[in-house]
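Following: one structure in structure tokens, then a few remarks.
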2 protein chains.
Amino acid sequence: MGQRIASTATALSNDCAHCNLGKLCMPIAVSSEELEQLNDVIQQGRVFDRGDHIFYQDDAFTSCFAVKSGSIKTYTVSEDGEEQVTGFYLPGEILALDSVSMDRYTSCAVALERSSVCEIPLEKLEQLASVIPSLQHHFFQLMSQEIRGSRELAVMLSRNSAEERLASMFVALSKRNERRHLSPYQFRLPMARADLGNYLGLAVETVSRLLTRFAKQGLMDVRGREVTIHDLEGLKAVVTHQTECRHA
Amino acid sequence: MGQRIASTATALSNDCAHCNLGKLCMPIAVSSEELEQLNDVIQQGRVFDRGDHIFYQDDAFTSCFAVKSGSIKTYTVSEDGEEQVTGFYLPGEILALDSVSMDRYTSCAVALERSSVCEIPLEKLEQLASVIPSLQHHFFQLMSQEIRGSRELAVMLSRNSAEERLASMFVALSKRNERRHLSPYQFRLPMARADLGNYLGLAVETVSRLLTRFAKQGLMDVRGREVTIHDLEGLKAVVTHQTECRHA
DNA sequence: TAAAAATATTGACTTTCATGAACTATCCTT
DNA sequence: AAGGATAGTTCATGAAAGTCAATATTTTTA
């Protein structure tokens with residue numbers, strides 16, 4: 001495990017126009033000529049096996065990456081060797097936007113399962129973006145969404161109890177699955193409990209305990225990696241309710 | 001307190017070229033012609049008194065804002081009326097980058113003291129950015145930095161103890177003052193203890209107790225709003241050390 | 001400048017969750 | 001299919017930080 005070199009594209013659809021993600025990552029209205037230019041810039045669907053790294057922290061930054069299939073985990077390693085999980089990326093989501101202003105990647109990215117990933121060389125993208133205003137606009141939007149997302153995460157982590165954090169994580173995963181037109185009630189958990197805990201600032205034991213509690217409450221079930229959400233509204237209530245209860 | 005309309009520009013320097021911030025917010029190498037275009041887009045230095053709002057959550061989004069002088073706090077209000085502080089902005093820093101992909105502002109912004117703020121209408125900026133590649137590049141950089149910043153904040157808030165969070169906040173404030181060529185050891189705290197606590201996910205009482213502890217340890221002093229940092233290296237050590245101690 | 005209001009500090013008590021240890025289940029490998 | 005390795009769960013305990021309550025200080029207003 002841990003190869004950096006991946007097999008070359010086996011992509012059935014090897015351009016953005018025919019991508020099965022249907023513009024989830026590049027939902028821009030561009031002419032076919034512009035789309036051709038975009039395809040010229042974006043390297044389609046390199047495949048990574050579980051444990052393969054897309055990039056390492058401190059590698060020279062050149063490109064962002066769009067996840068086409070599978071799932072990717074990003075993490076940093078501190079001086080003392082501690083791993084800190086910084087994000088999970090599902091199909092249609094874009095990696096390394098936080099490294100755009102750096103000359104090196106600020107985190108490692110590793111495939112959690114066999115995954116396919118499109119490469120977006122930033123220099124070329126910037127060139128193209130100044131010619132196609134809608135592409136520039138789209139990238140501003142993407143980055144702004146990313147800012148909002150991590151800001152919300154920060155608030156969530158600073159304010160919420162372990163229970164609320166975990167519930168919120170599953171609500172988010174459910175939403176992201178729905179966005180991909182998959183079931184928001186049943187899906188495979190791409191990451192280990194330890195990764196979840198690390199990401200949410202919780203001990204693995206706490207994650208376990210809470211999953212058991214959620215099951216007893218009839219909210220959701222995780223058997224191994226198979227997630228079943230029985231009561232999505234109930235889960236959402238866990239996320240927000242606590243705050244109200246404090247004042248009730 | 002709480003006027004939205006601010007007095008008109010009293011700016012001594014009413015263009016970016018002569019701004020006393022010296023390209024802290026727009027550090028781009030542009031020709032004088034381009035600079036003229038930029039000045040055409042950016043509304044210089046509207047003044048807001050303490051308590052005045054620059055914008056409110058759910059107002060129609062039109063512009064980002066660069067802080068020229070003073071200090072701004074952003075916060076959200078939840079359904080149950082709870083206030084959540086989401087950021088503090090000092091001169092040279094840019095507000096509302098997280099709202100770029102929305103049609104409404106995602107937070108309120110209020111002046112913590114008499115402050116001057118430049119307005120950057122996003123639509124015009126995007127138009128200009130597609131003509132001036134270095135401006136586009138600069139905005140990508142700015143937004144990427146913002147992503148990295150809030151991601152780091154999220155990790156900090158999820159991993160670190162109360163003590164580490166507060167120390168880290170003061171180290172950050174010190175750095176931001178240094179960036180502005182002010183003393184990193186002595187400055188005025190722009191926000192109340194309650195705001196600090198709210199932002200860091202701590203009770204006000206905890207903030208107080210820790211400030212007392214830091215003073216006893218000879219690390220720093222806060223008398224009212226006047227901050228004196230006696231041992232910056234010591235403060236930095238507080239931020240990182242705990243992690244090592246856990247494993248030592 | 002004094003009174004009132006808003007902020008900040010300190011202390012006692014309680015809750016939450018991390019820690020460490022022990023145990024169980026699941027996944028790979030041969 | 002057996003065995004080891006990895007991953008997940010459960011339990012007892014203690015430290016960290018929140019809450020409530022009282023007091024002190026600073027700032028604002030009249």
Side-chain angles (χ1 to χ4, degrees), chain A residues 1-2 49-51 73 82-85 112-114 156-167 188-216 220-227 238 242-243 245-248, chain B residues 1-2 49-51 73 82-83 85 112-114 156-169 188-216 220-227 238 241-243 245-248:
Chain A
M1 263 212 275
D49 274 323
R50 182 152 86 91
K73 169 180 92 173
E82 283 296 290
E83 187 176 310
Q84 171 64 52
V85 176
L112 291 171
E113 60 194 304
R114 177 165 254 256
M156 208 269 285
L157 293 173
S158 79
R159 270 261 160 282
N160 294 10
S161 66
E163 189 180 33
E164 295 167 306
R165 293 187 208 180
L166 194 64
R188 200 178 156 70
L189 192 65
M191 71 294 278
R193 310 285 196 275
D195 288 334
L196 267 182
N198 186 310
Y199 179 64
L200 295 172
L202 304 174
V204 201
E205 293 91 330
T206 305
V207 174
S208 250
R209 261 190 294 268
L210 288 174
L211 288 180
T212 309
R213 191 193 299 175
F214 287 164
K216 278 182 187 159
M220 56 173 294
D221 244 295
V222 193
R223 295 202 61 75
R225 291 290 179 92
E226 283 308 316
V227 179
V238 170
Q242 200 107 332
T243 335
C245 289
R246 271 184 202 156
H247 306 280
Chain B
M1 263 216 275
D49 274 323
R50 182 153 85 91
K73 170 180 94 172
E82 284 296 290
E83 186 175 310
V85 176
L112 291 171
E113 61 194 302
R114 178 165 253 258
M156 208 267 285
L157 292 173
S158 78
R159 269 260 161 282
N160 293 11
S161 67
E163 188 178 33
E164 294 167 305
R165 294 186 206 181
L166 195 64
S168 146
M169 182 78 209
R188 199 177 156 70
L189 193 64
M191 71 295 279
R193 310 285 196 276
D195 288 333
L196 267 182
N198 186 310
Y199 179 65
L200 295 171
L202 304 174
V204 202
E205 293 92 328
T206 305
V207 174
S208 248
R209 266 188 282 266
L210 288 173
L211 287 180
T212 309
R213 192 194 297 176
F214 288 163
K216 277 181 188 160
M220 56 172 295
D221 244 293
V222 193
R223 295 202 61 75
R225 290 291 181 91
E226 284 308 317
V227 179
V238 171
H241 240 238
Q242 199 107 332
T243 333
C245 289
R246 270 185 202 152
H247 307 281

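Just so we're on the same page: letters track the sequence lines, and every chain starts at 1.
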Point to revise | Polar side-chain atom of A:Glu164 near backbone of A:Ser161 as donor-acceptor pair, under 3.5 Å | key: yes

**Study point:** Any donor-acceptor pair under 3.5 Å from B:Arg165 side chain to B:Asn160 backbone
**Key:** yes

Revision key, fill the gap. So salt bridge (charged side-chain N to carboxylate O under 4.0 Å, His left out) across residues 193-203 of chain A, not counting sequence neighbours, yields A:Lys73-A:Asp195

Whole-Å distance separating the [atom1] atom of [X] from the [atom2] atom of [N]:
{"X": "B:Leu210", "N": "D:dA17", "atom1": "CG", "atom2": "C1'", "result": "9 Å"}
{"X": "B:Arg225", "N": "C:dA8", "atom1": "CZ", "atom2": "C1'", "result": "11 Å"}
{"X": "A:Leu166", "N": "C:dC17", "atom1": "CG", "atom2": "P", "result": "11 Å"}
{"X": "B:Leu112", "N": "C:dT7", "atom1": "CG", "atom2": "P", "result": "12 Å"}
{"X": "A:Leu157", "N": "C:dC17", "atom1": "CG", "atom2": "P", "result": "13 Å"}
{"X": "B:Arg213", "N": "C:dT9", "atom1": "CZ", "atom2": "P", "result": "14 Å"}
{"X": "A:Leu189", "N": "C:dC27", "atom1": "CG", "atom2": "P", "result": "13 Å"}
{"X": "A:Arg159", "N": "D:dA17", "atom1": "CZ", "atom2": "P", "result": "15 Å"}

Listed pairs, N/O of protein and of nucleotides 10-15 of chain D, under 3.5 Å:
{"from": "D:dT10", "atom 1": "OP2", "to": "A:Thr212", "atom 2": "OG1", "distance (Å)": "2.6"}
{"from": "D:dC11", "atom 1": "N4", "to": "A:Arg209", "atom 2": "NH1", "distance (Å)": "3.2"}

Practice item. Hey, could you give me the CZ/CG distance between B:Arg114 and B:Asp49, rounded to the nearest 0.5 Å? Key: 4.5 Å

Enumerate, atom names and distances included, each donor-acceptor pair closer than 3.5 Å involving a side-chain atom of residues 197-214 of chain A, sequence neighbours excluded.
{"from": "A:Asn198", "atom 1": "OD1", "to": "A:Gln84", "atom 2": "NE2", "distance (Å)": "3.2"}
{"from": "A:Asn198", "atom 1": "OD1", "to": "A:Val85", "atom 2": "N", "distance (Å)": "2.8"}
{"from": "A:Asn198", "atom 1": "ND2", "to": "A:Glu83", "atom 2": "O", "distance (Å)": "2.9"}
{"from": "A:Thr212", "atom 1": "OG1", "to": "A:Ser208", "atom 2": "O", "distance (Å)": "3.0"}
{"from": "A:Arg213", "atom 1": "NH1", "to": "A:Glu163", "atom 2": "OE2", "distance (Å)": "3.2"}

Dump the pairs, protein N or O against N or O of nucleotides 22-26 of chain C, anything under 3.5 Å, distances to one decimal.
none

Check your understanding: Are A:Val227 and A:Met220 close enough that some pair of their side-chain heavy atoms sits under 4.5 Å apart?
Key -> yes

Review point. Are any non-hydrogen side-chain atoms of B:Arg50 and B:Leu112 less than 4.5 angstrom apart?
Key: no

Exercise for review: Identify, residue by residue, the members of residues 190-199 of chain A with a heavy atom below 4.0 Å from DNA chain C, and return them in order of residue number, or none.
Suggested key: none

**Study point:** Contacts of B:Glu113 that satisfy side chain to side chain contact (heavy atoms under 4.5 Å, CB included) - sequence neighbours left out
**Key:** B:Ser71, B:Ser115, B:Pro190

Check your understanding: In degrees, rounded to 10°, what is the bend between the two ends of the helix from C:dT1-D:dA30 to C:dT30-D:dA1, using five pairs at each?
Key -> 50°

Find every protein N or O atom lying less than 3.5 Å from an N or O atom of nucleotides 28-30 of chain D, and list the pairs.
{"from": "D:dT28", "atom 1": "OP1", "to": "B:Arg50", "atom 2": "NH2", "distance (Å)": "2.5"}

